Each structure stands twice: as C-alpha cells, then as structure tokens.
Amino acid sequence: MKRPRPPSPPSISAAAKPPLSPPPTPILKQKLQRTGAPKWLPLKLTQTELTLPLTFPTGQTFRWKQTGPVQYSGSIGPHLVSLRQRAGDDDTISYCLHRSASPKAAELALLDFLNAEISLAELWSDFEIKDPGFGEVAKHLRGARVLRQDPLECLIQFLCSSNNNIARITKMVDFVSSLGLYLGEVEGFEFHQFPSLERLSRVSEDELRKAGFGYRAKYITGTVSALQSKPGGGDEWLLSLRKLDLQDAIAALCTLPGVGPKVAACIALFSLDQHSAIPVDTHVWQIATRYLVPDLAGAKLTLKLCSRVAEAFVSKYGEYAGWAQTLLFIAELPAQKALLQSSQSIQLVKSSEKKK
DNA sequence: GGTGTACCTCCAGT
DNA sequence: AACTGGAGGTACA
C-alpha cells in the first residue's frame, strides 16, 4: 500500500517523535473524502490519562498513522477513527469517526481499545510510592498508556517484528493490512480493517516472501495454520488466553511458530490483559541493569536473565508492572531522552548509582 | 540449561 | 562504490 515517505527511521529512535513534531508529508495528496464536515467529539479521557504521542508511536502498534500535528488515525475492528488533542492548554482529547455505521459501537470499541477503564493516575501514584524514581520520570511523560489491541492483529504485527527494524516492520504490517476490507483514507493514508484469519489463510508463504517478509513468511503461514486448527477457532483460542495466568498465556503463545518469549510478552501485554508481562529487549535490559538489578550489569542477555529482569520488574511494581515498564521504556527512547536530558534521566542514573 | 549460528531484507555507517 | 553490522528474535543443533 502507499504510504508517506518514511522519515528514514534508522531504528526505534524514530518510534517516538517529539510530541509536537510536524505530520509526515503524504506522497499522494488524494481527494479528501469530505462527504460532510468531520464531526469531532470529546473523549472521556484527559491528557493525564492519554497522551497520543506517548502512546501510539512507541512500538505498541504499527498500524496507526500520524495524520496531523497531534493526530493519529487507525482502525479498530470495522471502525476508522482519528484521535487528536490540541497543542494548547486544552486538556481534552477528541475523536472523529469516518463513515461509521454505528457511532455508539465505535465509541465503545475505542474506549475498550484505549483500556479506558484503567486509571493511569492511580497506577502511577502507586508506582511512585513503590519507587520515587519512577515519579521523577513519570511527571514528564504523562499519559503514556498501554493499548488493548485485538489479539490476532497484535500477534501478526509482532511476528513481523523479530530481528527487524521499525521501517520494515511497518511496511510488512501495511502489506498484511491491505488484505483486509478497505475502510477509507485520512490525509493520504489508506486504512483497512485487519484481515480475518480466514483471509490470512489464503496467503501463501511464497507471496509473503515476494512481499519482503523473508524468513518471517513461514512464521505467518505456520501460525495462521496452527490457529485455524484450534478447536472453536483461532480467534476464540486467542481470546481465551485473556483468562489465563501470565505464565500459561506465554507458554501457549510460544507454541506458535515464530513466537518466542519476547514476542509472546508483547502480545500478552498489548492485547491479552496480561498487565504484568514484561517484554525484555535490549532497551529494557539497559534500564534494568542500570536501575533495577545493577548486579547484572555487563552480563549477556540470556533467556534466564530475561526472566530475572521480568521478575525484578514485577517485584518492584506489582500486578501492573508492564505498564511501569512501558513508561520507563519510552523514557529510554532517544527522542524522549533528549527532552528529559537536563532533569530526570539524570535522576535515574543517580539513584541507580546510589544503590551500588 | 547455557551457547552458538543461520535466517530475509533493508539501510546507515564506513 | 562496495561492504559490513544491526535491527524490539526465533529455531535448532
């Protein structure tokens, strides 16, 4: 599918743009389908509870696009939605439904997708009690929220993410998305409903390889096939993982080809209500060895040590450790780090040195 | 159990 | 202008 020129993101550093960065310039300025003035409605979330640039371009999803200065658009089920917040002092967030047949259902789906029942303010005040250092970072990164994505959509996205970079992951996810029902266009970006399992099963490994998936092509076809063989269907099976303990959910996910501990943790945290899941990658490893488990500093990131790190996060922050990890991860992204530079990241270093 | 390596492709850095 | 090293890892020996 067509998409704007990627601002040549070398790595995840491009994932977190500064909050007020200009929107990407679409290559094709197509006819704007203004079949009527778009209606912007207020969302029942303040900026304390949701900051768009700290939630959407942080590696949780590769399906949402920046369609304005502080505006992101994407699909949730059959609904095409835009979210925006004013750059000024206005604390509210607005949403816009594009050609929605059912505004009521769309709003509910949106609130569900945003994990709106979970109070970030409550979570963070709890984290701050458990760790004053967290509060120092958090007060500069308000509204960094964990999404509640569709499990299949999340699974396929992170299947694409292994040993890969943001630019290519996005390209691959765009390809998969393009197989789904077309929903509309916003600011030059075309949006599709995520394809069903049945639709995905009609894509061959060869087609995926031709589309540039490399060895991940067989992960996709293998996982789709494995899901289809589940009694009751793959969608139901994935949804059922929401009711399991974290360990069981992770173990179940890891039976799928291409899903290892890292990918499983991402799926668990971003789509399966497993709020204590900790996706341990090199960044989290850096944070942990500097801040949580300094005695492990310098060690190599092995499977065993990954679980040590995850345990450290959970014992420090508790049931919602994944949400705490998300904030610290964002703080670690180069773009955010620059903003925090003079103040709080130094605090992090100091407090970790104190512990030694 | 802990280690090493191949695996697709793109691309920034030499 | 080639070339190499990595990139939110996983599978397999």
Side-chain angles (χ1 to χ4, degrees), chain A residues 3 5-16 55-64 144 146-147 149 153-176 203-226 250-271 274 277-289 296 298-310 313 322 325-337:
Chain A
R3 71 193 191 93
R5 169 190 59 83
S8 61
S11 68
I12 61 166
S13 59
T55 299
F56 286 92
T58 56
Q60 294 188 53
T61 174
F62 302 92
R63 297 232 313 138
W64 282 64
V146 172
L147 299 171
Q149 302 181 57
E153 197 170 325
C154 194
L155 166 59
I156 301 297
Q157 289 189 76
F158 283 95
L159 228 33
C160 296
S161 78
S162 73
N163 193 24
N164 207 348
N165 59 67
I166 301 291
R168 188 151 81 107
I169 297 168
T170 304
K171 196 168 139 192
M172 290 159 63
V173 169
D174 282 346
F175 176 84
V176 174
V203 184
S204 67
E205 178 182 338
D206 193 48
E207 283 175 87
L208 291 170
R209 280 192 176 264
K210 285 198 175 85
F213 281 64
Y215 58 84
R216 299 168 201 82
K218 63 179 179 301
Y219 292 168
I220 307 271
T221 55
T223 284
V224 166
S225 156
I250 296 278
L253 288 169
C254 285
T255 64
L256 300 169
V259 178
K262 166 61 172 38
V263 169
C266 287
I267 299 163
L269 179 61
F270 301 141
S271 75
Q274 301 290 348
I278 309 291
V280 180
D281 59 22
T282 52
H283 283 263
V284 173
W285 176 249
Q286 294 301 320
I287 297 166
T289 55
L296 263 46
K300 194 164 164 284
L301 206 173
T302 64
L303 191 64
K304 198 67 160 187
L305 263 26
C306 277
S307 54
R308 285 273 301 275
V309 168
F313 268 97
Q325 173 272 345
T326 295
L327 186 275
L328 295 176
F329 174 81
I330 292 169
E332 195 68 11
L333 294 172
Q336 299 302 331
K337 215 170 177 177

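Within every chain, numbering begins at 1; the chains are lettered A, B, ... in the order of the sequence lines, protein sequences first and strands thereafter. Bear in mind that the values here come from a model prediction, so they are computed numbers and not experimental data.
- When the P atom of B:dC8 is taken as reference, atom CG of A:Leu159 falls 15 Å away, rounded to whole Å.
- Atoms CG and OG, on A:Leu253 and A:Ser271 in that order, are 7.5 Å from each other to the nearest 0.5 Å.
- Protein atom CE of A:Met172 is 17 Å distant from nucleotide atom P of C:dA7, rounded to whole Å.
- Residue A:Lys210 is classed as having no contact, given no heavy-atom separation below 4.0 Å to the nucleic acid.
- Protein atom NZ of A:Lys262 is 11 Å distant from nucleotide atom C1' of C:dA7, rounded to whole Å.
- The backbone N or O of A:Asn165 sits nowhere less than 3.5 Å from a side-chain atom of A:Arg168 that would complete a donor-acceptor pair.
- Comparing A:Pro257 and A:Phe270 by the nucleotide of DNA chain C whose heavy atom lies nearest to each, the residue mapping closer to the 5' end is A:Phe270.
- In terms of heavy atoms, A:Phe158 sits closest to A:Val263 at O-CG2, 3.4 Å.
- Going from the P atom of C:dG8 to that of B:dG4 covers 23 Å, rounded to whole Å.
- Across the protein-nucleic acid pair, A:Leu253 atom CG and C:dT10 atom P stand 11 Å apart, rounded to whole Å.
- Atom CG of A:Leu155 and atom C1' of C:dG9 are 15 Å apart (whole Å).
- The interatomic distance linking A:Leu303 (CG) with C:dG9 (P) rounds to 14 Å, in whole Å.
- Regarding contacts with the backbone of B:dC8, a side-chain N or O of A:Lys218 is found under 4.0 angstrom from either OP1 or OP2.
- To the nearest angstrom, P of B:dA6 lies 13 Å from CG of A:Asn163.
- Nearest nucleotide to the A:Cys266 side chain, out of C:dG9, C:dG8, B:dC10: C:dG8.
- By the rule that a glycosidic angle within 90° of 0 means syn, C:dG6 does not qualify and counts as anti.
- In this structure, A:Phe313 and A:Val280 have side chains that are not in contact, with every pair of non-hydrogen atoms separated by 4.5 Å or more.
- No hydrogens or angles were tested; on distance alone, nothing pairs the side chain of A:Arg216 with the base of B:dC7 as donor and acceptor under 3.5 Å.
- Of all nucleotides listed (C:dG8, C:dT10, B:dC10), C:dT10 comes nearest to the side chain of A:Ser162.
- When the P atom is used for both B:dT5 and C:dG5, the distance is 14 Å, rounded to whole Å.
- The number of heavy-atom neighbours closer than 6.0 Å to CZ of A:Arg209, taken from other residues, nucleotides and ligands shown, is above 12.
- The CD atom of A:Glu332 sits 14 Å away from the P atom of C:dG8 (whole-angstrom rounding).
- Using a 4.0 Å heavy-atom cutoff across all strands shown, A:Leu301 reaches no nucleic acid atom at all.
- Looking at the side chain of A:Lys304, the nearest of the listed nucleotides B:dG2, C:dG9, C:dG8 is B:dG2.
- Going from atom CD of A:Glu207 over to atom CZ of A:Phe213 covers 10.5 Å, rounded to the nearest 0.5 Å.
- Listed candidates were B:dC7, B:dT9, B:dT3. Nearest to the side chain of A:Thr302 is B:dT3.
- Summarising the base pairing, B:dG4 is matched to C:dC12 through a Watson-Crick or G-U wobble pair whose two defining distances lie under 3.5 Å.
- Comparing the P positions of B:dC8 and C:dA13 gives a spacing of 15 Å, expressed to the nearest Å.
- Residue-level contact check: A:Val284 touches neither bases nor backbone, having no heavy atom under 4.0 Å from any strand.
- Listed candidates were C:dT10, C:dG8, B:dC7. Nearest to the side chain of A:Asn165 is C:dG8.
- Of the candidates B:dC8, C:dG8, C:dT10, the closest approach to any side-chain atom of A:Arg168 belongs to B:dC8.
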